[in-house]
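A short write-up of the structure that comes next.
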There are 2 protein chains.
Amino acid sequence: MAGHGARSRSGGRPTLEEVAARAGVGRGTVSRVINGSPRVSDATRAAVEAAVAELGYVPNTAARALAANRTDAIALVVPEPETRFFAEPYFSDMLKGVGAELSETEMQLLLIFAGSDRERQRLAQYLAAHRVDGVLLVSVHADDPLPDLLAQLEIPAVISGPRSAAETLTSVDSDNYGGARSAVEHLLSRGRTRIAHITGRLDVYGAQRRVDGYREALLDAGHEVDEHLIQPGDFTEEGGRRAMKELLARRPDVDAVFAGSDVMAAGARQVLREEGRVIPDDVALVGYDDSAIARHMDPPLTSVRQPIEEMGRSMIDLLLAEIADRRPATSRGLERRQAVLATELVMRASS
Amino acid sequence: MAGHGARSRSGGRPTLEEVAARAGVGRGTVSRVINGSPRVSDATRAAVEAAVAELGYVPNTAARALAANRTDAIALVVPEPETRFFAEPYFSDMLKGVGAELSETEMQLLLIFAGSDRERQRLAQYLAAHRVDGVLLVSVHADDPLPDLLAQLEIPAVISGPRSAAETLTSVDSDNYGGARSAVEHLLSRGRTRIAHITGRLDVYGAQRRVDGYREALLDAGHEVDEHLIQPGDFTEEGGRRAMKELLARRPDVDAVFAGSDVMAAGARQVLREEGRVIPDDVALVGYDDSAIARHMDPPLTSVRQPIEEMGRSMIDLLLAEIADRRPATSRGLERRQAVLATELVMRASS
DNA sequence: AGGTACCGTGGGAGCGCTCCCACCGGTGAT
DNA sequence: ATCACCGGTGGGAGCGCTCCCACGGTACCT
């Protein structure tokens with residue numbers, strides 16, 4: 001079907017050279033047209049584009065990658081087993097945002113799971129080979145060595161959920177502080193005054209920020225912060241149960257609970273019910289994440305929604321910017337880039 | 001940290017040449033060692049491996065791809081929107097099998113969604129650029145042009161669920177015929193004699209095969225096939241409802257139903273209950289897929305399990321074989337390759 | 001002794017692209 | 001008229017690898 005050149009190899013795909021010959025120009029000029037350089041006359045550009053169309057030319061990615069030292073691919077690294085990836089809507093939403101933003105570019109997305117040691121090993125090899133121009137890191141634990149590896153290899157990377165206030169990587173986060181504030185302010189506006197907080201794991205930065213938001217919302221409203229009303233949880237349902245029991249034991253007069261996650265709120269709800277407290281009449285309850293649980297709880301749970309899809313978009317924007325000026329923010333003393341996206345309080349019957 | 005060569009470029013990754021110099025051998029020899037060629041003496045191999053380790057050499061994928069005309073990557077193409085991908089455990093299981101099998105190789109897996117037209121467009125471009133050595137196709141509709149595109153581009157491909165008995169692509173399938181047989185035989189062994197079948201969409205080959213299995217199981221057991229007991233459905237719950245109503249109207253004495261999918265079985269169950277039939281006392285019910293629905297139905301549904309994870313493994317095996325001898329089965333008159341995996345009847349209270 | 005066979009090895013010739021420098025002709029300043 | 005300049009262009013020199021041919025050496029045959 002296609003015309004064969006001097007000696008065509010596999011399938012005889014046309015090369016830049018052949019397009020150039022066809023268009024009656026030089027190789028460099030075709031390259032310029034393909035890559036959208038402005039330094040080409042309109043007439044020449046048209047001729048080249050015609051030749052490209054006629055020959056059905058498609059650039060050879062490998063050759064380009066070799067010559068230009070870039071891959072036009074980025075990886076979304078998920079340091080979790082596949083199972084969790086599919087189970088949690090978080091990843092699905094994130095992927096949607098990432099995919100949407102990326103579809104405007106020529107970049108290609110790779111999904112890499114690094115749950116097991118074996119997979120981590122592979123990933124390290126993969127990164128060492130510089131097979132991607134940049135990396136998106138989601139759901140990273142505080143002690144994960146991956147960010148450092150990335151920095152050492154000087155691979156541009158963006159992390160979702162900074163590991164600390166001093167995060168060195170470019171990061172995207174939702175406004176945990178503001179989200180917590182809005183939850184507490186909402187409870188205050190409903191006339192609640194003895195508002196407890198069940199925190200997430202405090203080695204997770206976002207959980208800390210939620211505590212900060214809780215504290216300052218109370219202080220700014222002229223209330224004191226009663227440390228007995230702050231009870232550490234661990235993001236699990238069982239943790240929520242334990243925390244709620246403890247709170248009830250210490251402060252039986254509690255009239256509202258702000259839980260650091262919907263799952264913990266579910267645990268708290270069980271205990272409240274067991275103790276005969278009616279939600280929201282006796283105790284108002286607010287969660288965090290606005291997950292499916294929140295909608296299906298009885299009563300439906302007021303919760304703080306994070307704009308996960310937008311976080312995905314934002315991560316891509318930042319990563320592409322970083323790739324564009326080939327200097328990972330970590331390797332030079334550049335200003336740190338970061339984005340913080342607003343949350344939204346979704347009100348339901350529990351408060 | 002690493003020693004820099006003459007003039008190191010970006011990060012100064014060592015090249016084959018540098019490894020060769022270090023090991024005191026030629027470039028070709030290092031290449032042979034890296035690629036596991038047997039035509040290297042043990043002493044030389046050891047020396048090269050030492051040099052590789054010392055320098056932390058990692059092959060440059062782009063250069064290799066360009067020179068060898070292969071990418072060491074394959075794509076899993078999902079012609080569905082992301083949403084469905086995450087919603088259905090089918091994909092998750094498939095991916096697990098694929099990932100497991102692939103982790104034994106150097107191959108890299110790409111996940112490509114082609115739900116929207118825009119995404120299809122991108123995919124076509126992607127394939128035309130031969131950016132993967134092979135393609136895994138899952139959940140393909142009968143009229144999808146993708147298989148033909150693949151054949152035309154001479155890209156090795158394996159499809160899960162052949163489109164017809166005359167499928168030209170290498171395929172992997174579960175034993176729909178045998179699965180249906182086992183369901184019917186099971187019902188017969190329970191003393192049921194008026195067994196109905198609610199079929200899937202009959203333009204899906206697998207659904208046809210299930211009908212075949214239903215028919216022949218009855219015939220082989222010495223029963224006649226009553227066409228009034230075969231009612232077409234469409235894989236949806238509503239379709240299952242409609243089919244069940246129709247069946248009940250035509251043959252009120254039906255004592256068992258074999259549905260072509262769990263979802264349709266769920267629809268049938270609703271109707272049976274509405275009509276006051278007790279499962280399994282009055283009517284026994286068997287589904288297909290052994291999905292989550294089956295386990296959670298009331299009563300729990302007997303269903304035919306497909307070995308999806310193994311299908312994933314099998315697809316990889318076949319694809320790698322096809323890539324290995326660079327001849328897509330479609331472009332030459334080679335014997336068709338295909339694998340058919342056994343199903344398993346999972347018995348529960350509904351039958 | 002010469003021939004033939006191989007094995008292990010070195011290195012040239014590309015793969016198809018980007019990058020960059022040199023070059024061309026037309027302008028405007030001197 | 002001379003020169004510097006600049007937009008537009010051609011093509012050489014690689015990028016780091018694989019492929020393959022040629023080569024020296026050893027072993028075995030005649």
Side-chain angles (χ1 to χ4, degrees), chain A residues 5-48 51-52 55 57-72 106 128-131 133 326, chain B residues 5-48 51-52 55 57-72 106 128-131 133 326:
Chain A
R7 58 224 144 127
S8 54
R9 262 167 112 73
S10 69
R13 288 170 51 200
T15 69
L16 249 204
E17 195 92 48
E18 288 165 24
V19 174
R22 177 91 175 207
V25 300
R27 227 173 51 250
T29 302
V30 177
S31 177
R32 262 168 238 129
V33 172
I34 300 290
N35 293 292
S37 157
R39 349 202 80 255
V40 181
S41 71
D42 289 348
T44 309
R45 160 165 289 115
V48 170
V52 166
L55 262 32
Y57 171 77
V58 179
N60 180 318
T61 334
R64 172 177 290 177
L66 178 58
N69 199 34
R70 62 192 163 84
T71 63
D72 291 329
E106 297 283 79
H130 285 259
R131 292 186 63 170
D133 293 339
R326 297 258 139 207
Chain B
R7 58 225 144 129
S8 52
R9 256 168 115 70
S10 68
R13 288 170 52 200
T15 69
L16 249 204
E17 194 92 48
E18 288 165 23
V19 174
R22 176 93 175 207
V25 299
R27 227 173 52 250
T29 301
V30 177
S31 177
R32 261 167 240 131
V33 172
I34 299 291
N35 293 291
S37 158
R39 348 202 83 254
V40 182
S41 71
D42 289 348
T44 310
R45 161 166 289 115
V48 171
V52 166
L55 261 32
Y57 171 77
V58 179
N60 180 318
T61 334
R64 173 177 289 176
L66 178 58
N69 199 34
R70 63 192 163 83
T71 64
D72 291 331
E106 296 283 80
H130 285 258
R131 292 186 62 170
D133 293 340
R326 296 259 140 206

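Throughout, a chain's letter reflects where its sequence line sits, starting with A, and its residues are numbered from 1. Just so it is clear, the structure is predicted and the values come from calculations on it, not from any experiment. Side chains are part of it too, since the values below use all heavy atoms of this structure and drop only hydrogens, waters and symmetry mates.
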Identify the heavy atoms of A:Thr71 and A:Ala65 that sit nearest to each other, and give their distance. CA-CB, 4.5 Å
In whole Å, what is the span from the CZ atom of A:Arg131 to the C1' atom of D:dC17? 14 Å
Atom pair CG/CZ of A:Asn35 and A:Arg64 - distance to nearest 0.5 Å: 5.0 Å
Nearest-0.5 Å distance that lies between atom CG in A:Asp42 and atom CZ in A:Arg45: 6.5 Å
Gap separating the OG1 atom of B:Thr29 from the CZ atom of B:Arg27, nearest 0.5 angstrom: 10.0 Å
Can you list the steps and then say if A:Val33 with A:Thr44 is a side chain to side chain contact (heavy atoms under 4.5 Å, CB included)? CA-CA 9 Å; A:Val33 172; A:Thr44 309; 5.5 Å; no
Have a look at B:Arg64 and say if it touches a base, only the backbone sugar-phosphate, or nothing, with a 4.0 Å heavy-atom cut-off. sugar-phosphate
For DNA chain D, which residues of residues 39-48 of chain A approach it to below 4.0 angstrom with any heavy atom? A:Arg39, A:Val40, A:Ser41, A:Thr44
Quick one, B:Glu106 with B:Asp72, criterion side chain to side chain contact (heavy atoms under 4.5 Å, CB included). Give me CA distance, side-chain angles, the key distance, then yes/no. CA-CA 7 Å; B:Glu106 296 283 80; B:Asp72 291 331; 5.6 Å; no
Protein-nucleotide distance (B:Arg70, atom CZ; D:dT18, atom C1'), rounded to Å: 8 Å
Double-helix bend of the helix from C:dA1-D:dT30 to C:dT30-D:dA1, axes at both ends from 5 pairs, round to 10°, gives 50°
A:Ile34 CD1 to D:dT9 C1', in whole Å, measures 16 Å
Assign each of B:Leu66 and B:Val25 the nucleotide of DNA chain C bearing its closest heavy atom; nearer the 5' end lies the nucleotide of B:Val25
Distance, nearest 0.5 Å, that separates CG of A:Leu66 from OG1 of B:Thr61: 10.5 Å
Rounded to the nearest 0.5 Å, how far does CD of B:Glu17 lie from CZ of B:Arg22? 15.5 Å
Does B:Arg13 get its side chain close enough to the base of D:dG16, under 3.5 Å, for a donor-acceptor pair? no
Return the value, rounded to whole Å, for the distance between atom CD of A:Glu17 and atom C1' of C:dC17. 10 Å
Nearest whole angstrom, please: distance from the C1' of D:dC17 to the CG of B:Asp72. 12 Å
Atom CG of B:Leu16 and atom P of C:dG10: how far apart are they, to the nearest Å? 13 Å
Heavy-atom nearest nucleotide on DNA chain C taken for B:Gly26 and for A:Asn35; more 5' hit belongs to B:Gly26
Reckon A:Thr29 has a side-chain N or O less than 4.0 Å from the OP1 or OP2 of D:dG10? yes
Round to the nearest Å and state the distance from B:Glu18 atom CD to D:dG16 atom P. 8 Å
Considering just the side-chain nitrogens and oxygens of A:Ser31, establish if one lies under 4.0 Å of OP1 or OP2 belonging to C:dC17. no
May I have the step-by-step check of side chain to side chain contact (heavy atoms under 4.5 Å, CB included) for B:Arg32 and B:Val25, ending in yes or no? CA-CA 11 Å; B:Arg32 261 167 240 131; B:Val25 299; over 6 Å; no
Once you round to the nearest 0.5 Å, how far does CG of A:Asn69 lie from CG of B:Asn60? 7.5 Å
Side-chain atoms of B:Arg32 come closest, of D:dG16, C:dC17, C:dT9, to C:dT9
In whole angstrom, what separates B:Arg27's CZ from C:dG8's C1'? 17 Å
